[in-house]
Amino acid sequence: MFEHKFQNRLFFTPIYGFKLNLSESYIAELIHESHQLYREQGIYQEYRSTRDAFQSKDDIHHHPLFKEFFDVIVQAFSEVVCKDYQIEVADRQKFFVKKAWVNVNPTGGYNVVHNHPNAFFSGVYYLQADQDSGEIAFLNPVSEQGLTMPHELIHQSSIYTSDRYFYSPRKDLLLLFPSYINHYVHPNKSSEDRICVAFNIGR
């Protein structure tokens, strides 16, 4: 009779979800400013993963209106992510928002596969979204898995077999994820703009 010795789950990839509970009035201000940036800047091309949509320049973390928002982001990152990664409290102050931008995806707008280089963690926060706004998909970073998996014999996805995972956007949802993980966003099928803030955290 065989003897089962151990089972390790290696190379874990965490995705964190938060509800920030920002006030309706503050979210409305951020939405208004996002539309204002759209009108002023037009579509920004550099580092752009959006298609048929607007992506602002990546400096909105310096915008005074967004200060309260990013203070909450850094607090969540420090108290939850850094704790899980066993980063000492004193060292957590070394992390900061390196880049941040607004995405406004009207009907049909989407994002192609991309990741966020030169950062530790990245995130997206939905200011305005509904169930038809387009899911965000994260791809399994173990790319070789798909080459050997007997897909025809596996009838239910799990952490052992999935090649991607989807999250539905919703207002006031924050997702934090390792910057290396490839992801994309389905087209917005809603008549309402999907508006989100994306950012990179590093040191």
Side-chain angles (χ1 to χ4, degrees), residues 8-22 26-27 29-30 33-34 37 41 44-50 53-105 111-127 129 136-144 159 164-167 169 172-185 194-203:
N8 290 330
R9 297 181 180 181
L10 303 178
F11 311 124
F12 178 68
T13 302
I15 305 290
Y16 296 86
F18 301 83
K19 184 175 173 58
L20 294 190
N21 294 317
L22 299 181
Y26 185 47
I27 289 176
E29 286 186 83
L30 296 179
E33 187 59 30
S34 298
L37 290 171
Q41 296 182 7
Y44 181 54
Q45 296 293 337
E46 190 177 3
Y47 310 125
R48 181 170 170 256
S49 69
T50 54
F54 165 69
Q55 181 173 315
S56 75
K57 295 181 179 179
D58 56 14
D59 59 358
I60 64 160
H61 51 305
H62 298 307
H63 192 300
L65 181 62
F66 286 83
K67 182 182 185 306
E68 177 186 342
F69 168 74
F70 284 112
D71 284 348
V72 177
I73 295 297
V74 171
Q75 180 183 3
F77 171 78
S78 177
E79 294 183 7
V80 179
V81 178
C82 288
K83 180 180 179 182
D84 280 354
Y85 277 73
Q86 300 183 36
I87 296 172
E88 296 290 339
V89 174
D91 289 330
R92 298 175 191 179
Q93 299 177 14
K94 298 176 181 178
F95 292 96
F96 59 93
V97 175
K98 299 179 70 174
K99 294 182 178 181
W101 57 97
V102 167
N103 291 319
V104 179
N105 285 43
N111 292 70
V112 297
V113 176
H114 65 287
N115 58 29
H116 297 213
N118 303 315
F120 175 40
F121 254 73
S122 296
V124 59
Y125 175 77
Y126 296 97
L127 291 168
I136 184 170
F138 293 97
L139 301 178
N140 189 336
V142 184
S143 57
E144 290 81 1
I159 61 172
R164 66 198 64 206
Y165 194 88
F166 301 94
Y167 288 92
D172 198 39
L173 170 66
L174 168 68
L175 296 175
L176 293 178
F177 51 91
S179 299
Y180 63 77
I181 190 168
N182 283 317
H183 54 286
Y184 62 93
V185 182
R194 179 180 69 241
I195 304 175
C196 65
V197 181
F199 55 89
N200 293 336
I201 295 175
R203 60 184 178 90

To the nearest 0.5 Å, how far apart are OG in Ser122 and CG in Leu176?
-> 9.0 Å
side-chain contact (heavy atoms from CB on, under 4.5 Å) between Phe12 and Ile159, intermediate numbers included | CA-CA 10 Å; Phe12 178 68; Ile159 61 172; over 6 Å; no
Close side-chain approach of Leu139 to Tyr184, heavy-atom, < 4.5 Å = yes
Which atom names give the shortest non-hydrogen contact between Asn200 and His116, and what distance separates them?
-> OD1-ND1, 2.7 Å
To the nearest 0.5 Å, what is the distance between CG (Leu30) and NE2 (His63)?
-> 9.0 Å
Return yes if some donor-acceptor pair links the side-chain N/O of Arg92 with the main-chain N/O of Ile87 below 3.5 Å, else return no.
-> yes
In Å and rounded to the nearest 0.5 Å, what is the OH to CG distance from Tyr16 to Leu175?
-> 13.0 Å
When rounded to the nearest 0.5 Å, the distance separating NE2 of His62 from NZ of Lys99 is 11.0 Å
Taking the side chain as every heavy atom from C-beta outward, state whether Pro178 and Phe121 have any pair of such atoms under 4.5 Å apart.
-> yes
Trace of the side-chain contact (heavy atoms from CB on, under 4.5 Å) decision for Phe54 with Gln41 | CA-CA 9 Å; Phe54 165 69; Gln41 296 182 7; 4.2 Å; yes
Report the distance from atom CG of Asn103 to atom OG of Ser49, rounding to the nearest 0.5 Å.
-> 6.5 Å
Which heavy atom of Lys98 sits nearest a heavy atom of Asn118, and at what distance?
-> NZ-O, 2.7 Å
Phe66 versus Val197, closest heavy-atom pair with distance = CE2-CG2, 4.0 Å
Any donor-acceptor pair under 3.5 Å linking the side chain of Asn140 with the backbone of Val142?
-> yes
Minimum heavy-atom distance Ser34-Val104, with the two atoms named | O-CG2, 4.3 Å
Are any of the side-chain heavy atoms of Tyr167 and Ile15 separated by less than 4.5 Å?
-> yes
Tell me, with the steps shown, if Asn111 and Asn105 meet side-chain contact (heavy atoms from CB on, under 4.5 Å).
-> CA-CA 9 Å; Asn111 292 70; Asn105 285 43; 3.2 Å; yes
For the pair Tyr126 and Ile136, evaluate side-chain contact (heavy atoms from CB on, under 4.5 Å) and give the outcome as yes or no after the intermediate values.
-> CA-CA 11 Å; Tyr126 296 97; Ile136 184 170; 3.6 Å; yes
Nearest heavy-atom approach of Lys94 to Arg203 is O-CB, 3.1 Å
Would you mind reporting whether Asp172 and Tyr125 have side-chain heavy atoms less than 4.5 Å apart?
-> yes
Using a cut-off of 6.0 Å, state whether more than 12 heavy atoms not belonging to Phe166 lie near its atom CZ.
-> yes
Under 4.5 Å between any side-chain heavy atoms of Leu174 and Ile73, yes or no?
-> yes
Backbone N or O of Trp101 within a donor-acceptor pair of the Gln55 side chain at under 3.5 Å?
-> no
Rounded to the nearest 0.5 Å, how far apart are NZ of Lys57 and CG of Leu37?
-> 10.5 Å
Qualifying residue for ring-ring contact (aromatic ring centres under 6.0 Å, His included) with Phe95, from Phe199, Tyr85, Phe77 = Phe77
Closest non-hydrogen atom pair between Tyr180 and Thr13, with its separation = OH-OG1, 3.3 Å
Hey, is the main chain of Ile181 close enough, under 3.5 Å, to the side chain of Asn115 for a donor-acceptor pair?
-> no
